[in-house]
Every structure is written in C-alpha cells, then in structure tokens.
Amino acid sequence: MKRSSPPPPSSGIVSRSGRFATTAAADVAAFSESISFDWRLWRQDIRGSCAHARMLCRIGILTARERDAIVRGLAQIGQEIERGKFTWKPELEDVHMNIEAELTQRVPAGAKLHTARSRNDQVALDVRLWVRDEIESLDAELATLQQALLGLAESNQKVLLPGYTHLQRGQPVTMAHHLLAYLEMVARDRERFADARQRANVCPLGSGALAGSTLPLDREFVARELGFVDGQGRARVTQNSMDAVSDRDFVIEFCAAAALLAVHLSRLAEDTILWATAEFGFIRIADAYTTGSSLMPQKKNPDVAELTRGKSGRVVGNLMALLTLLKGLPMTYNRDLQEDKERLFDTADTVRACVRLMAAMLQHTRVNGQVCGAAAADPLLLATDVADYLVRKGMPFRKAHHVVGALVGKAEALGQPLNTLSLDQFRAESELFEADVLAVFDLDAAMRRRELIGAPGTREVPRQLKRWKTLLGKPARRR
Ligand code: ARG
C-alpha cells in the first residue's frame with residue numbers, strides 16, 4: 001500500500017510500527033489478540049527477559065546501568081501484575097508486547113531489550129518455562145493423590161471384596177490391592193510428566209524469528225540463567241532455529257500425559273461411583289464431597305467423581321485439538337500456534353482440579369468393610385481355587401476348568417452355593433476330590449495362598465503397602 005498520508009497517531013501496536021500505513025481493523029485486533037489468555041505467561045516472560053537482558057550486557061549491547069534499569073523495571077512491573085495493579089491493553093496483542101511496551105515507557109533502555117529476539121523464540125521460551133513450572137507443581141499434587149490412595153488402602157488392608165472382570169465377580173482381592181492399582185497408574189503418570197519435562201527443558205532463546213541472529217549472543221548463558229541444564233549443570237539449548245520456533249511437541253507431550261492421567265482419574269471415579277451406589281454399598285463418600293438433588297430429597301450424588309469422569313473428555317479433546325493444530329503447518333512459526341495456549345492452560349487447570357478434588361474426596365471416604373466382606377464371601381469367587389486343587393492332584397488345567405464349570409452349573413441348577421455341595425456330588429465330577437476340598441473355600445486360607453509378587457496375598461499386600469510408604473513418605477489421611 002502506498003503511504004500517501006502520514007501514519008495515524010501511534011496505534012500502540014508495536015508490531016505494526018513502520019511498515020503499515022493503517023492500524024488493523026478493529027475486528028482483526030479483537031480476533032487476533034491473545035492477552036486475554038496469555039497474560040498467564042507473565043512470570044515466565046519477565047524471567048526470560050531478565051535473562052536476555054543480562055546476556056545482552058555480557059556481550060556489550062547493554063551497559064550495566066541499562067541492564068539494571070531493565071531488570072528493575074521488569075521486577076516492578078511483575079509486582080504490579082501480582083497485585084492486580086497492571087492494566088493489560090488488548091491493542092498490544094499479547095503478554096510480550098504489553099510488558100515490553102510498559103517497560104519502554106518507564107525505562108528508555110527497554111527499547112534495546114528486543115535485540116536479537118523475536119516473539120517467536122520468546123513465546124516458545126515462555127511456554128517451555130510454563131510447562132516446566134506446571135509439571136513441578138502438578139507432581140506435588142499427584143503425590144498427594146497417591147498418599148490419599150495409600151491412606152485409604154492402609155486403613156482397609158484386611159477388607160476383602162470381589163475383584164471383577166467384565167464387571168462380573170471374578171476372584172477375591174483386598175481393598176488395599178484394588179486401591180494400590182491406582183497408585184501404580186499415578187506413578188506411571190508422574191514418570192511420564194517427568195519425562196515430558198526433559199524435552200521441555202531446552203532453551204529456544206537465540207533462535208530469533210526463525211534463523212537466529214547476526215549478533216554474538218551467548219545462548220548457553222541464557223540457558224543456564226533459566227535453569228535449562230542437564231544433570232551435570234550443562235546448558236541445554238535447541239540445535240535448530242527453525243525447529244525451535246515452531247516446535248510445540250512439549251505442549252503435546254504434556255497434554256498427552258495429562259490425557260492419560262485424566263483417563264486414569266476417570267476410571268477411579270467410575271469405581272467410586274459404582275461403589276457408592278446402594279447396589280454395591282462398598283463406600284460412603286462424606287457429605288462435603290457429594291451434592292443433593294433439587295427434587296429428590298433423599299439423594300446424595302457423587303458429583304466430584306462424576307465431574308472428574310466427565311472432564312476427562314475435554315482433556316482428551318484438547319490433545320486432539322493440539323495434534324490437529326500442528327498437522328500441516330509449514331515451517332516455521334505460524335500464527336496458528338497461538339491457539340496452543342488455551343488448550344494447554346485448560347488441560348493443566350482441569351487435571352489439577354480433578355487430582356486435587358479426587359484426593360480430597362478419597363481422604364473423606366469410608367469403606368464399609370462388612371458389605372465388602374459379604375460380597376467377597378461368595379464361594380464362586382474361589383471356583384478357580386477349586387480348579388487349582390485338581391491341578392495340584394495332577395489334572396490338566398483345561399480338564400479341571402471343565403470339571404469345576406460342571407460343578408458350578410450343578411450348584412446353580414440346585415439353587416445352592418457351590419461350597420454346600422456334598423463330597424459325593426463333587427466326586428461325581430472327579431474322583432480326585434477328597435474330603436479336604438471344602439477347605440478350599442476358607443477365604444483366609446485362600447488369601448494366604450496368593451503370594452506371588454503383585455498378587456493380593458496376605459503377606460504380599462502389606463509388603464506392597466510398605467514399599468509405597470517408603471516411596472512416598474507418610475500417608476496424609478485426615479481421618
Ligand atoms: N501471541 C503469539 C503466540 O502466542 C506470540 C508470537 C507472535 N509472533 C508473531 N510473529 N506474530 O503465538
């Protein structure tokens with residue numbers, strides 16, 4: 001466009017200064033702003049800018065005085081943001097422009113801060129720092145969830161209940177064993193986040209818009225300033241400027257780990273929802289973690305668990321949105337990438353809330369050992385043990401399975417429990433049955449027989465509880 005008239009008075013949009021004859025149309029500004037959500041990156045943005053300023057001083061682009069003025073100015077802005085005293089301006093588009101424009105108004109040297117830096121490497125840096133911070137604090141929440149599970153497991157070590165497959169009764173387990181299954185899942189989630197952190201923990205600053213800079217930046221200094229270091233304290237910097245400004249794999253990895261965590265939480269939620277029904281009656285969730293019905297006065301609904309189950313949908317959806325966002329983007333930075341933040345923030349907020357609420361709910365849940373025990377006393381749960389009895393006497397397992405299946409059918413036809421069939425009735429199916437077969441139905445003895453690593457045995461479960469206690473420290477159970 002030919003510039004026939006003088007440029008309009010400063011629109012305030014720094015990125016449009018110089019090149020453009022007009023300001024952006026009002027609806028374009030509203031369409032493209034990101035400050036309404038990326039203001040959340042302010043801490044990381046300031047941290048990154050301080051490190052960049054220190055580096056610019058090291059290489060002689062800023063004087064020590066200018067550097068100090070910039071760092072002081074940024075700290076002051078940070079304090080104002082913290083206190084809610086900072087006015088974000090949508091016409092300045094994003095968090096990076098807002099902070100830099102305000103700094104430059106206060107500190108003239110602020111105009112030098114963007115030397116050899118683009119918002120492309122700046123936003124990549126900020127998001128990496130944010131993901132790193134988020135993983136650290138989420139990990140602490142996950143440890144609390146594990147402790148809540150461990151606490152409930154510990155106080156219900158002896159409670160037996162049916163273990164299910166296909167939601168049909170299978171074999172007896174202990175409540176502790178069932179809960180420890182979730183501890184294992186959460187442990188893997190923590191590992192996955194820690195692993196995702198490794199790849200987020202690489203500094204992209206110095207990649208510029210897409211091709212680095214002609215100025216002699218000290219990238220490794222910036223990386224060390226910001227804690228982008230390996231186990232030996234060596235700086236970790238990205239090795240390809242084009243990849244660095246367009247890579248959002250670390251966002252996707254975080255959201256993928258979060259999606260799997262959300263799925264685990266959803267399964268835990270489903271178990272607790274089922275157990276809290278009148279039909280199961282295995283647990284009682286404290287009133288504070290349930291809600292009533294606006295119409296049915298007797299209702300007590302497990303909404304925390306239901307919402308956790310429901311919210312897994314949006315966490316999985318966010319992952320799909322991000323994968324779709326990246327697919328087909330040409331190198332390098334494209335504005336599409338701005339769409340990553342809301343999905344990332346929503347994912348982090350959602351899983352954090354679910355983890356926190358499920359942990360609290362579990363801390364306020366009581367197990368009804370009697371109801372669980374009555375369900376676990378179903379002799380059919382030990383049908384497999386009867387087959388094992390025959391195996392011990394030399395019968396091939398396939399045959400034993402058939403024999404016990406016939407006995408179960410017989411008991412069902414007679415309308416009586418399996419363990420009340422007579423020895424003659426047992427022997428009619430196999431001569432290998434002797435008087436001791438009825439002892440197979442002794443549940444305590446049956447639990448003592450389950451001593452493999454990872455089985456719900458009388459000695460193995462306490463061993464696992466001890467292992468977790470050592471790994472996690474003391475359980476934080478409130479009552
Ligand atoms: N708000 C932008 C984002 O989130 C910052 C980077 C903008 N870069 C640009 N060249 N327009 O992606």
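Every number for a ligand or one of its atoms is a count from 1 in the order of the listing.
Using modelled atom types, no side-chain atom of R58 and backbone atom of F221 make a donor-acceptor pair closer than 3.5 Å. Between the side chain of D243 and the backbone N or O of Q239 there is no donor-acceptor pair closer than 3.5 Å.
Applying salt bridge (Lys or Arg N to Asp or Glu O under 4.0 Å) to R128 and the options D133, D247, D45 leaves one that passes, D247.
Looking only at heavy atoms of the protein, atom 11 (N) of ligand 1 is closest to R119 NH2, 3.5 Å. Closest to atom 10 (N) of ligand 1, if we only count protein heavy atoms, is N120 OD1, 3.1 Å.
Annotation: Q338 places an N or O atom under 3.5 Å from an N or O atom of ligand 1; distance criterion only. The N/O atoms of Y333, backbone and side chain alike, include one that comes under 3.5 Å of an N/O atom in ligand 1.
Distances below 4.0 Å separate heavy atoms of D94 from the following atoms of ligand 1: 1 (N), 2 (C), 5 (C). The contact set between ligand 1 and S34, taken as ligand atoms under 4.0 Å from a residue heavy atom, comprises 1 (N). Counting the atoms of ligand 1 from 1 in the order shown, those under 4.0 Å from a heavy atom of K341 are 3 (C), 4 (O), 12 (O).
Taking the six-membered ring for Trp and the full ring otherwise, W130 and F345 have centroids separated by under 6.0 Å. Proximity of the aromatic rings of F37 and W39 is defined here by a centroid distance below 6.0 angstrom, and this criterion is not met.
A heavy-atom separation below 4.0 Å is not found between E93 and ligand 1.
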May I have the step-by-step check of ring pair (Phe, Tyr, Trp, His ring centres under 6.0 Å) for W275 and H178, ending in yes or no? CA-CA 12 Å; W275 287 352; H178 193 130; 4.6 Å; yes
